[in-house]
*Asks:* 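Before we start, here is the structure in question, set down as structure tokens.
Naming: A, B, ... by sequence-line order, numbering from 1 per chain. Worth saying up front: this structure is predicted, and the values here are computed from it rather than measured.
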There are 2 protein chains.
Amino acid sequence: MRKRQNCSLLGFAQHDHKRCVSAGLKVADVYCQKHKLRLTTVRRRTLSILLESHTALGAYDVLARLREEGLGSEPPVAYRALGFLLENGFIHRIERLNAYVACSHPGALHNPAFLICSDCRAVAESTVATTTGTLNRQARESGFQIEHTTIEAEGQCPSCQQANQ
Amino acid sequence: MRKRQNCSLLGFAQHDHKRCVSAGLKVADVYCQKHKLRLTTVRRRTLSILLESHTALGAYDVLARLREEGLGSEPPVAYRALGFLLENGFIHRIERLNAYVACSHPGALHNPAFLICSDCRAVAESTVATTTGTLNRQARESGFQIEHTTIEAEGQCPSCQQANQ
DNA sequence: CTTGTAGTGATATAACATAACATTTTTACG
DNA sequence: CGTAAAAATGTTATGTTATATCACTACAAG
């Protein structure tokens, strides 16, 4: 089996996770330099906290870690950093969990779909999120202008299925 | 133009809304009787509050109305009623808004998709919510067991588009 | 009529999020 | 450089959404 598994193909498979973290940070560094954005200490650390976890983390989980490191202790600190990272596509928000995950396909702007484990909060991201023809047709017919689509499938990941048997 | 517009075809079109309310309540009455469920005063009124509004209402909005009518004044009252109605498919939860809407196609169990106006919170429901082949394939391949899928498209409804020009 | 279950009342608190304003850091530019 | 404008952060307070827990009531089934 190959060792250098590619994060962008990652589902719930085992993989070399340190690579995800370093690759994700690098992409962000480059992107920010290119676009004259400031990936400050708090923002960069917030991203790395999410990258280190393949599960969705709540804003207050992130905040707790930032606090431990003296990088700000009040909610707005975490929410601002999360906001910046969201805006620039480095992380995504999981609506069903009110939580946040690092993007698995950083760099490209995309409208992702997610598989979310209701037990362990692990999240797999699919870049290809197109809605059904039916919904788009209904929107067109009724004159509704779609701006953003949320697609989140909740269920059990392979390990939790095993654990629950 | 026909007067007796069918609620199940409703998008953002004008329609005879009183019919939605009475029809929705009737379906719930019959369903509960058939399944030996108790559509109590609080539950029935909660449903009618949502039926009366074509926009999504927060739990605390619902609670405020219940309170006015002396039907319970504390959060758990509203959340329990909403929970019952959700379980039995009479209403749906809009994740992006942390809010609730009456089902537009009551009776049939279904996995709906929504068009949500970010301005006025109006919601149109589509019964047909199938995810993309890609997401399902990824789930199958990785051994993820999908239990529920959320599909919510956010944007502007026709009236808000006009209003914002 | 009594007993178990479902439903409700009530209090408290958890979890998630933002408004508002003061202060510091960075950048741009004369 | 120096300084003004802009961006980011610090801090306090509060708003919003949701649930745990325990006491009490209604009601249907035996």
Side-chain angles (χ1 to χ4, degrees), chain A residues 28 32-47 49-50 55-88 90-101 116 118 121 150 152, chain B residues 28 32-47 49-50 55-88 90-101 116 118 121 150 152:
Chain A
C32 286
Q33 192 154 45
K34 190 170 175 183
H35 292 77
K36 308 210 170 176
L37 297 168
R38 291 162 59 189
L39 193 60
T40 61
T41 312
V42 178
R43 291 169 176 176
R44 197 166 190 279
R45 182 61 188 130
T46 299
L47 176 57
I49 287 169
L50 289 174
T55 67
L57 295 180
Y60 280 69
D61 297 330
V62 171
L63 178 59
R65 305 224 197 158
L66 291 175
R67 182 178 287 150
E68 284 170 9
E69 300 170 22
L71 285 175
S73 59
E74 302 303 325
V77 174
Y79 281 102
R80 283 172 188 147
L82 292 169
F84 172 87
L85 296 170
L86 279 171
E87 265 178 22
N88 295 289
F90 301 133
I91 67 174
H92 301 294
R93 179 178 159 84
I94 306 296
E95 300 293 339
R96 285 187 67 89
L97 301 177
N98 295 326
Y100 306 83
V101 276
I116 306 160
S118 21
R121 287 192 149 203
T150 301
E152 299 178 358
Chain B
C32 286
Q33 191 155 46
K34 190 170 174 183
H35 292 76
K36 308 212 171 177
L37 297 168
R38 291 163 59 191
L39 193 61
T40 61
T41 313
V42 178
R43 290 170 176 176
R44 196 166 191 279
R45 181 61 188 131
T46 300
L47 177 56
I49 288 168
L50 289 175
T55 66
L57 295 180
Y60 281 71
D61 297 330
V62 171
L63 178 59
R65 305 225 198 158
L66 291 175
R67 183 178 285 150
E68 285 170 9
E69 301 170 22
L71 286 174
S73 59
E74 302 304 325
V77 173
Y79 281 102
R80 283 170 189 149
L82 291 169
F84 172 86
L85 297 170
L86 279 171
E87 266 178 22
N88 295 290
F90 300 133
I91 67 174
H92 301 295
R93 179 178 158 83
I94 306 297
E95 301 293 339
R96 285 186 67 91
L97 301 178
N98 294 325
Y100 306 83
V101 275
I116 305 160
S118 23
R121 287 191 148 202
T150 302
E152 299 178 356

*Asks:* Nearest whole Å is fine: how far is C:dC16 C1' from B:L97 CG?
*Replies:* 15 Å
*Asks:* Roughly how many Å is it from CG in B:L82 to P in C:dT8, rounded to a whole number?
*Replies:* 12 Å
*Asks:* Per the atom types in the model, does the base of C:dA17 pair as donor or acceptor with the side chain of A:Y60 at under 3.5 Å?
*Replies:* yes
*Asks:* B:L63 CG to C:dA10 C1': how many Å, rounded?
*Replies:*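 Spelled out: CG on B:L63 to C1' on C:dA10 is 13 Å.
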*Asks:* Classify the angle between the aromatic ring planes of B:F84 and B:F90 as parallel (below 30°), tilted (30 to 60°) or perpendicular (above 60°).
*Replies:*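 Taking B:F90 first and then B:F84, their aromatic rings sit tilted (interplane angle of 30° to 60°).
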*Asks:* Rounded to the nearest Å, what distance is computed from the CG atom of residue A:L57 to the C1' atom of nucleotide C:dC16?
*Replies:* 14 Å
*Asks:* Mapping B:P75 and B:R43 onto DNA chain C by nearest heavy atom, which one lands closer to the 5' end?
*Replies:* B:R43
*Asks:* Rounding to an integer number of Å, can you tell me how far B:E87 CD sits from C:dA6 P?
*Replies:* 12 Å
*Asks:* To the nearest Å, how far apart are A:I94 CD1 and C:dC16 P?
*Replies:*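 Atom CD1 in A:I94 sits about 14 Å away from atom P in C:dC16.
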*Asks:* When you list every nucleotide of DNA chain D with an atom under 4.0 Å from a heavy atom of chain A, which one comes first 5' to 3', and which comes last?
*Replies:* D:dA7 to D:dT12
*Asks:* Closest-nucleotide mapping onto DNA chain D: is B:G58 or B:R38 further toward the 5' terminus? I mean the 5' end.
*Replies:* B:G58
*Asks:* If you assign B:N98 and B:G70 each to the DNA chain C nucleotide with the nearest heavy atom, which residue ends up on the more 5' nucleotide?
*Replies:*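 Looking at DNA chain C, the more 5' nearest nucleotide goes with B:G70.
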*Asks:* What's the separation between atom CD1 in B:I116 and atom CG in B:L97, rounded to the nearest 0.5 Å?
*Replies:*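 Between atom CD1 of B:I116 and atom CG of B:L97 there are 5.0 Å.
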*Asks:* Touch check for A:R80, heavy atoms < 4.0 angstrom, all strands: base, sugar-phosphate only, or nothing?
*Replies:*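 A:R80: base contact, heavy atoms under 4.0 Å.
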*Asks:* Verify the contact: side-chain N or O of B:S73 to OP1 or OP2 of C:dG9, cut-off strictly under 4.0 Å; return yes or no.
*Replies:* no
*Asks:* Could you grab the distance from atom CG of A:L39 to atom CZ of A:R45, nearest 0.5 Å is fine?
*Replies:* 12.5 Å
*Asks:* Please round to the nearest 0.5 Å and tell me the distance separating atom CG of B:L57 and atom CG of B:L50.
*Replies:* 5.5 Å
*Asks:* Measuring from atom OG1 of A:T41 to atom CG of A:L71, what distance do you get when rounded to the nearest 0.5 angstrom?
*Replies:*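 Going from OG1 on A:T41 over to CG on A:L71, the span is 7.0 Å.
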*Asks:* Look up atom CZ in A:R80 and atom OG1 in A:T40, then write down how far apart they are to the nearest 0.5 Å.
*Replies:*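 A:R80 CZ to A:T40 OG1: 11.0 Å, rounded to 0.5 Å.
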*Asks:* Rounding to a whole Å, what distance do you find between A:E95:CD and C:dC16:C1'?
*Replies:* 12 Å
*Asks:* Is the shortest side-chain N/O distance from A:Y79 to OP1 or OP2 of C:dT18 below 4.0 Å?
*Replies:* no
*Asks:* What is the distance, to the nearest angstrom, from the CG atom on B:L66 to the C1' atom on C:dG9?
*Replies:* 14 Å
*Asks:* As an exercise, state the distance from OH of A:Y60 to OH of A:Y79, rounded to the nearest 0.5 Å.
*Replies:*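 Reported value, rounded in 0.5 Å steps: 5.0 Å.
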